[in-house]
Amino acid sequence: MSDAATYLDARLSPDDGRLRFDRLDPSLGSWDLWIADPQRNVDTRITSDPRTEVTPVWLKNGRGIVFVADRGGSPHLYKKDLASGVEEELRPAGRQQQPMDVSPAGTTLAFVERSASGNFQPFTLPLARPADVQPLIPANRFLFSSVRWSPDGKAFAYASNPSGRFDVLTATLAEPASALTVSPGGGSAVRWSRDGRELFYVGGDGKLMAVPVQTSPAPRVGAPMALFELPRDGWLDFEPSRGGRFLAIVPYQRGSTQPITMVVNWQPRQ
């Protein structure tokens, strides 16, 4: 895939054909947005402002992105058409904002904004009417992150700390305040499978977990199952693909500094 560098996050395009990511420019100390074409092994830089642009999310059909840029005032939301290169400010500078996800229909952005008390709250923004911002969940004092729409557009999942630790929860758009807890042992970094039948998240014990879910006719959540334990330093970000595999940003480590692991008395499984 891409060369070793300092990355912030990554997300596959709706058709899995491209990958967008944030890469640090060491010469400036700021971040820029890039798109990778894995089939051709080519990376294309899509922002070049000397200030920072990060955390882009794909618009429908991969024709554009929404991202956050630090261009005067606090970091706030922009939209970019990838064909024309035209950028549009979606929200004025004010309180810090971060895009989370675009609805499957491509009409609505979920984002978080820092409140006066310092916590991040989730909101929705119709892309055709950016001024019409609405709370996704009734305002409260808790923190929110990793807000993701379900593939069928009927529900959303997120991480929050109402119990005092971060847990993964899911709720329907019809009843956003009636959330179901997904992670009994704590969790973060929630992602939907591409078919919407599972939620993946990083458990409190550092394992990647999978949970069967359904959004209709009524929301239901099954028992979590550990898929595997993540490396000691974890994943900086990850994304499920259509083929049941995971794309991950992993911390860069030099082989000469890593310990040697020896397995003794190994026997093949009968």
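Salt bridge absent: D101 and R191 never bring a charged side-chain N and a carboxylate O closer than 4.0 Å. Ionic pairing of R45 and D43 is not present here: no N-O contact between side-chain nitrogen and carboxylate oxygen is shorter than 4.0 angstrom. The pair R71-E87 counts as a salt bridge, with a side-chain nitrogen and a carboxylate oxygen less than 4.0 angstrom apart.
You'll find the side chain of S146 stays beyond 4.5 Å of the side chain of Y158, heavy atoms only. Between L77 and L109 the shortest side-chain heavy-atom distance falls below 4.5 Å. At least one side-chain heavy atom of W58 sits under 4.5 Å from a side-chain heavy atom of L82. Counting only heavy atoms from C-beta outward, the side chains of K207 and M209 approach each other to under 4.5 Å. Using a 4.5 Å cut-off on side-chain heavy atoms (C-beta onward), L33 and D22 make contact. Between P231 and V250, every side-chain heavy-atom pair lies at or beyond the 4.5 Å cut-off. Contact annotation: the side chain of T52 never approaches that of P75 to less than 4.5 Å [non-hydrogen atoms, C-beta and beyond]. Residues L59 and L127 form a side-chain contact, since some pair of their non-hydrogen atoms from C-beta on lies under 4.5 Å apart.
With rounding to the nearest 0.5 Å, the separation of CG in D16 from CZ in R245 is 11.5 Å. If you take CD on E229 and CG on D205, they are separated by 7.0 Å, rounding to the nearest 0.5 Å. Rounding to the nearest 0.5 Å places CG of D70 at 7.5 Å from CZ of R51. Here the straight-line distance linking atom CD1 of I137 with atom CD of Q121 works out to 8.0 Å at 0.5 Å rounding. The structure places CG of L28 at 10.5 Å from OG of S48, a figure rounded to the nearest 0.5 Å. Note that NZ of K79 is 12.0 Å distant from CD1 of I65, once rounded to the nearest 0.5 Å.
Here the closest non-hydrogen pair linking A179 and L169 is CB-CD2, 4.0 Å. The two residues E53 and F67 have their closest heavy-atom pair at CG-CE1, 3.7 Å. Taking every heavy atom of both residues into account, L90 and V66 meet most closely at CD1-CG1, 3.9 Å. Nearest heavy atom pair, residue S74 against residue G94, reads OG-O, 2.6 Å. Taking each heavy atom of R194 and S13 in turn, the nearest pair found is NH2-O, 3.6 Å. Listed here is the closest heavy atom pair of P176 and A171: O-CB, 3.6 Å.
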Step-by-step side-chain contact (heavy atoms from CB on, under 4.5 Å) determination, S241 to L247: CA-CA 7 Å; S241 70; L247 181 145; over 6 Å; no

Test ring pair (Phe, Tyr, Trp, His ring centres under 6.0 Å) on F120 and F144; report intermediate values, then the result. CA-CA 6 Å; F120 280 93; F144 290 82; over 10 Å; no

Check step by step if side-chain contact (heavy atoms from CB on, under 4.5 Å) holds for W192 and L199. CA-CA 5 Å; W192 292 87; L199 281 170; 3.3 Å; yes

Given Y201 and V211, is the side-chain contact (heavy atoms from CB on, under 4.5 Å) satisfied, shown in steps? CA-CA 9 Å; Y201 68 91; V211 181; 3.6 Å; yes

Given W31 and T55, is the side-chain contact (heavy atoms from CB on, under 4.5 Å) satisfied, shown in steps? CA-CA 10 Å; W31 297 82; T55 57; over 6 Å; no

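L24 and W34 are members of different hydrophobic clusters when ILVMFWY side chains are connected at heavy-atom separations under 4.5 Å. Residue Y78 is not grouped with residue V68 when hydrophobic side chains (ILVMFWY) are merged at heavy-atom distances under 4.5 angstrom, including chains of intermediate members. At a threshold of 4.5 Å between side-chain heavy atoms, the hydrophobic network of Ile, Leu, Val, Met, Phe, Trp and Tyr places V112 and W149 in one connected group. Residue L19 is grouped with residue I249 when hydrophobic side chains (ILVMFWY) are merged at heavy-atom distances under 4.5 angstrom, including chains of intermediate members. When the side chains of ILVMFWY residues are joined at heavy-atom separations under 4.5 Å, either directly or via intervening members, V190 and V221 end up in a single hydrophobic cluster.
Applying the salt bridge (charged side-chain N to carboxylate O under 4.0 Å, His left out) test to residues at least two apart or on different chains, the pairs with a partner in residues 118-132 are R129-D132.
Between T215 and D152, the side chains place a donor N or O and an acceptor N or O closer than 3.5 Å (distance only, hydrogens not considered). With no hydrogens or angles considered, a side-chain donor-acceptor pair links T47 and D32 at under 3.5 Å.
With N119 contributing its side chain and F142 its backbone, the two residues share a donor-acceptor pair below 3.5 Å. Checking side-chain atoms of S150 against main-chain N and O of F156 turns up no donor-acceptor pair under 3.5 Å. In this structure a side-chain-to-backbone donor-acceptor pair under 3.5 Å is present from S160 to L143. S183 places no side-chain N or O within donor-acceptor distance of the main-chain N or O of D167, the cut-off being under 3.5 Å.
The aromatic rings of F246 and F228 sit perpendicular to each other, their planes meeting at more than 60°, with 30° as the lower class boundary.
Applying side chain to side chain donor-acceptor pair (under 3.5 Å) to H76 and the options E89, E113, Q96 leaves one that passes, E89. Each of R148, R20, R18 was checked for a salt bridge (charged side-chain N to carboxylate O under 4.0 Å, His left out) with E239, and the lone residue meeting it is R148.
Between F200 and F238, the ring centre distance reaches or exceeds 6.0 Å.
Atom CZ of R220 has 12 or fewer heavy atoms from other residues, nucleotides or ligands within 6.0 Å. Residue-environment remark: CZ (R63) stays at or below the threshold of 12 foreign heavy atoms within 6.0 Å.
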